[in-house]
Every structure is written in C-alpha cells, then in structure tokens.
Amino acid sequence: MNEDLYKIRHSASHVLAAAVLRLFPDAKLDIGPATDNGFYYDFDLTHKFTAQDLENIEAEMKKIISENQRFECKELTRQEAQELIKKSGQDAFKLGRLADVPEGEKITFYTNGEFADLCAGPHADYTKRIKAFKLLSIAGTYHRGDEKNKQLQRIYGTAFESKEALENYLNQLEEAKRRDHRKLGKEMNLFAIDEKVGQGLILWKPKGAILRQSLQDFILELLREQGYSQVFTPHIGKLDLFKTSGHFPYYKESQFVPIVERDDLNAMAKKGLTMDKFEEEVENGDVTGYLLKPMNCPFHVQIFKSDPHSYRDLPVRLAEFGQVYRWEQSGELNGMTRVRGFTQDDAHIFCTPQQLDEEIQGCLDLVKKVFTTIGMSDYRVRISLRDPNSDKYVGSDDNWNKSEEAIRKAAMSLGVPFTEELGEAAFYGPKIDFVVKDVIGREWQLGTVQVDYNLPERFDLTYIGSDNKAHRPIMIHRAPFGSLERFTGVLIEHFAGNFPTWLAPEQLRILPLGEDVIAYADEVFAKAKKAGLRVSFDASSEKLGAKIRKAETEKVPHMLVIGKKEAEAGLVSIRSRLRKNFEGTHSADDAIAMIVNDAKSRAL
RNA sequence: GCCGAAGUAGCUCAGCUGGUAGAGCAACGCUUUCGUAAAGCGUGGGUCGUCGGUUCAAAUCCGAUCUUCGGCUCCA
C-alpha cells in the first residue's frame, strides 16, 4: 500500500471515531489503524451497533469530510497527554495505549475538528482527501486481542483515493465471493457438510472424491520417488499413547472427549464423580480409554519402535494419509479450510543428525513440487523459530541452533521471500510453513515441515550407530498439502472450480447432435472410457447450444461435438475451455489421446 | 467459546405493519432431433431450521435451541 492510501485510511478511521462520538458520546475509544484492505476502529459501548447505525455513522462521516477539517499534529509531554485523555473522558483504554509508547519516544496527538486522538500518524492534511469510503461490517473483538479482556465492537470500513478505486475494490469482493469454495463446492457437488452428521465434518461427494483421489495419487507418486514407505494406522489409540507423547492432556482443549471403557465409566459413575473429577481421573487415574487421534505422530513412532534400527537403515520415512480429529471451537469452523476431522498428507522422517539438512531439503523440494504443479505461486513462507528469552523449549541449544540453521538454509534455497517469526516455533522444534490466502484474504497454513527433538526423547527412540552404541534419531514432521480438506478448499478457490484436466471430476463430455449419430458417438464414448478418461454422454434432446452451456456451467474442460459431418467422416470436433489449440476436427483416437496426455502431464 | 447477522422448494431468492406460501433455474412428462453458452408446453415438489410461548389466527411477534456467515480468540 502506498503512503497516501495509508494516510487516507488511517484518517478515515479517525473520522469514523469522530462520527461515532458525535452520535454516541458515551463510546469509549480503543484503537483504530489502517489495514491492508481498509481500516477499523474499536469501541466500547453498551448500545450494540446495528446496520442502521452504520448508515447513520456513514452519513455523519460524510458531513465531517465535507467540513474539510484539517489534521493537525501536536507533540505533548506524557503528563500533558495523560491530562488531555482524562479531560476527554477517554481514559478507559487510551491511558493504557499511552503507556505503550516507550519512554523517550515522541507522544503525538492528531486533531481534526473537535476530535483529538493519541496517534503516531501520519495523516492526510484535510478530511476531504478521503474521496471514497464505505463502512463494511460490525464485529466483536477482544481488547488487545486477548479473550480474557473485555469484548469491544469493531467497525470495519475501507477507503480509497477515488470513487473508481472503491468501486473496483467492491467489485473484486463480489467476484471473489463467486469463487468461494463453499459456494462452488455445493454448486459442483464436490462436498457437503451435513447438520445431522456434525459440524466441521466433511462429506466428500463422488466428484470431490475424484479430486481428492487425484491429489493423493499425485502425492503417492512423489513419495515413491523420494523413498517413503506407506503405512496405515487406526483412528483411535489408547490414552496412554498420547500421555507418553505429551499430547494428552496438553492438547485437551482441542481434542474430542476420550472414549472410556464401559467398566471404568461404570465405576466412575458409581463414585458419582463430577465432570471435573471425571476429567481428573481420566488424566491421572488408572482409566482405560481411547482418544480419537488428533495427530498421527505417536502411531508412526510406534511403527518405528517395532523394529530395531541401524544407522544404515536411516532415514526411515513413514507416510500416511492420516485422518485426525480436533475439537475446534465452533466459531472457528469454516467450510473445508477449518474442520473437525481432516486428513493430513502426513509423514514422519526418522534420521541421524547428519542427515537432517538433506532431509529437510527433500521435504521442501516436495512441497515446492506440489505448489509448482498446482500452479500456486501466491504463497508466503514463514519460518518459526524459538523465542530466545523463553525456557519452554525442549532439546539442547546446540540442537536448536543446528535445526534452525538447517531450516533457514533450506528456506533460502527455495528462492522465495520468507519471514522469520521468533517465538512461533513449536515447543519441540522449529518449523517452516507455506501460507496462502483465500478469496477474502484470510491466510491459511498449508504445507509444513517441522523438526522434532521431543518425541524421540519421550518415546526413547534409538538406532545403533557405527560405533555400536545407541543414538537418538531426529524426527521431521511434514505435510506438503497440510490437510487434504484445507488444501482442496484452497484449490477450488485457486482454480475458481475450473480444474485442469488431471483434476477435473469430469474431464470430457460427448455431445451427440441428433439421433442418427448416437451409435457412432457411443463408440467414441466407449473409446474414451477405455482410454481411462472420466467421460460422460449427453443424450438429452437439447439443442447443441444448450448442451454446451450446460457443460460449460458444469466446468467440464473438454467436449467432443459429434454431428452428421463428423459421423460421416469418422471424426470428432473438440471444444475445449483449457486448450484452444485442441479445437477443430480430429480423429476420435487423436482427440482422446490429446486429452489423455493432457491429464497425464498434469498440465495447468 | 465470545460479539453481531442470517436460516422460506434441490439451488438463488420474494413474501410490507400476523389472515395459514410464490418466482426463476433445476427435476420429471410430452412435443421438438436441433451445429458451438438457454427450444416450447405441462406436472410434481415446502409441517417456512427445530422446540416452546403469545393469539381466534404465526413464515411473520416473543423465548430457547441447532446450524451457517462475518469478526475475535485458536489452528492443518
């Protein structure tokens, strides 16, 4: 965002606050910055803002803008600032915000008209610089983003340097909604979420299943190339397994309640335990129970443990499309991108310290290959490192340094910009994530590679080194898609449902023209089917235009039009959304071969 | 989980201040057999998310609850 636009938006947020104060003098102001897409301001007010209020506030803002107030910056001492805040009756949050300004830094107030706000600036010079703005929504938000704090009301808006730019942005929003995976998923019969089945639980419909299977096949191919072994593990495991791994009760809040054996349940019921006592017993007591797995790692660890290992066997790479279950808060659920049951394209690598660099590199290559094949170039890479001032991490400093260095080195080799975030690492090791945005600009983490020193320790994993002594292997967790559900959701939006041939649930449709050609068209249909294409036959008595329209709206990438002309010459006519160079008449065999190759090559 | 909004036919939506539901598309049937994005006519389909309340009467008003959407928090 350029500086002028930033100033406009930041100024708009001040105008918003000024307008709200005119209409609701009791409102307490918290904070109101410019954002990537607009601006907001947070208010504390007993009255709940309504849609009508939003309109009134907007009208008041227009008034303020037309008054063409001048933004003036005033530097104050801390003492003066405190007095000013108290005098204005805005001490509820502003005093705290003032305290955030570090000692020695300038304290500035920006004034426009009757409104003054603690603010570092910069601002536009006059309110009339805000040429176009619109208030978009009201949302709840916690003061300082902490759910223990008071919940405030946030008004979101956006502002631009011209009416055209605003129109443009609003149109873009509309356009984006059209490619929303929840909308397309329904329209294209890819998946469903059913109230009766449960929130956040995805039903993959036949067409969505084809999409998913194609993605899985693709990954499997890459895994074979990279020397992974496929494994399968159950959906539940004993509580004890997760106690050893440290996941239970550590992740208790995000797990489904344990499945406790009938006898134990009975015994606890007889004791008349309260919920708290029940949980305590499950956590600490001698209770036999199972957990729906929130992650696959402990299972893979036990597979590794089931054999003795020599350094010559390493690295061991165990891969599984493992379905896991997490109790996400209901308000966090979102289509396919945030669900309660999802399938990780998971794998765990057990390697020696010497192999770590190369293995991380291999994982990143895999992720990169996936993103390149899909044609997703709009992602950002985030590496999460430990907070140097915290002691919550396990593993030696030496190990941490080495693995952080390995991660950083690998990230650099990607040739894309990445950010380093301190304190974001898991307690067991640093990680590197691939993050993409959905149609409304929300970020979702997809691929991830994490180094882990913790689980090998907790499960006492060993291999015999060349010195004939036991050594501790290092684990890498990695998932190039992250989860098939989230990835598919993002993928639907990425392609706006217009999938390349290899992913399209229906790759080809035969459009016969008239009853006379049905027999010939049927032959072509059989050939295409035999060639492995996902093909359908439109035998309806609609006109060609209607058949084409139907196929187009259903986003079928290729069509074969077969009329008298083609039937007599033994040809077919291709109409293709994806490959204009395919279009024209060809022999049926050629046409089918072209489409088959297109699918095989996973061309975009 | 919290704040706010919403839930009417398979889909998209209309139904004003209460008088017991309507359109387009889809589906189905008949006619049409057609040349690159919509042929014509007809038919069926809804206990208005669910439960309770107010009322002579509730899709409409009130309460609870479930689900969805936008935020916040949290995550793959």
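Chain A is the first sequence line, chain B the second, and so forth, proteins listed ahead of strands; every chain is numbered from 1.
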Inset, instruction - Taking atom C1' in both rU65(B) and rC25(B), compute the distance separating them and give it to the nearest angstrom. - result: 33 Å

Inset, instruction - Begin from the C-alpha positions of Thr233(A) and Glu320(A) and carry the test side-chain hydrogen bond (donor to acceptor under 3.5 Å, both in side chains) through to its verdict. - result: CA-CA 8 Å; Thr233(A) 67; Glu320(A) 174 179 19; 2.9 Å; yes

Inset, instruction - With C1' as the reference atom in both, quote the distance from rG22(B) to rU54(B) in angstrom, rounded to an integer. - result: 28 Å

Legend entry - Output field: ring centroids Tyr169(A)/Phe160(A) closer than 6.0 Å: yes

Legend entry - Selection from rG35(B), rU36(B), rA39(B) that lies nearest to any side-chain heavy atom of Leu513(A): rG35(B)

Inset, instruction - Would you indicate which nucleotide in rC75(B), rG1(B), rG71(B) comes nearest to any side-chain atom of Arg338(A)? - result: rC75(B)

Legend entry - Donor-acceptor pair present, Arg182(A) side chain and rC69(B) base, under 3.5 Å: no

Legend entry - Aromatic contact, Phe248(A) with Phe242(A) (centres under 6.0 Å): no

Inset, instruction - Taking only heavy atoms on the protein side, list every residue of residues 576-587 of chain A lying under 4.0 Å from any atom of RNA chain B, sorted numerically. - result: none

Legend entry - Rounded C1' spacing from rA23(B) to rA64(B) in Å: 34 Å

Inset, instruction - For Glu147(A) and for Phe481(A), locate the closest nucleotide of RNA chain B by heavy-atom distance; then report the residue assigned to the nucleotide nearer the 5' terminus. - result: Glu147(A)

Inset, instruction - List in numerical order all residues of residues 196-206 of chain A for which some heavy atom is under 4.0 Å away from an atom belonging to RNA chain B. - result: Gln199(A)

Legend entry - Comparing Gly145(A) and Ile562(A) on RNA chain B - which has the more 5′ nearest nucleotide: Ile562(A)

Inset, instruction - Can you sort out the partners of Phe537(A) under ring-ring contact (aromatic ring centres under 6.0 Å, His included), two or more places apart, ordered by chain and number? - result: Phe525(A)

Legend entry - C1' spacing across the pair rC48(B) / rU60(B), given as an integer number of angstrom: 10 Å

Legend entry - rG4(B) versus rC11(B) - spacing of their P atoms, nearest Å: 29 Å

Legend entry - All side chain to side chain contact (heavy atoms under 4.5 Å, CB included) counterparts of Glu195(A), not counting sequence neighbours: none

Inset, instruction - Pull out every residue in residues 367-379 of chain A that has a heavy atom closer than 4.0 Å to any atom of RNA chain B, ordered by number, or say none. - result: none

Legend entry - rC3(B) to rU55(B) separation - P atoms, rounded to the nearest Å: 31 Å

Legend entry - Donor + acceptor pair across side chains of Gln213(A), Asp217(A) (<3.5 Å): yes

Legend entry - Stacked pair Phe342(A)-rA76(B), distance under 5.5 Å, angle under 30°: yes

Legend entry - Test applied, ring pair (Phe, Tyr, Trp, His ring centres under 6.0 Å); reference residue, Tyr156(A); option that passes from Tyr41(A), Phe49(A), Phe39(A), Tyr40(A): Tyr40(A)

Inset, instruction - Please examine the side chains of Gln230(A) and Leu220(A), heavy atoms only from C-beta on, and report whether any two atoms are closer than 4.5 Å. - result: yes

Inset, instruction - Go through the structure and list residues passing side chain to side chain contact (heavy atoms under 4.5 Å, CB included) with Ile236(A), not counting sequence neighbours. - result: Ile259(A), Tyr290(A), Leu292(A)

Legend entry - Atom C1', compared across rA27(B) and rG46(B): separation rounded to whole Å: 15 Å

Inset, instruction - Find out whether Tyr325(A) and Arg340(A) are in side-chain contact, i.e. whether some heavy atom of one side chain is under 4.5 Å from a heavy atom of the other. - result: no

Inset, instruction - Identify which nucleotide among rC66(B), rC72(B), rG70(B) has an atom closest to any side-chain atom of Glu195(A), counting heavy atoms from C-beta outward. - result: rC66(B)

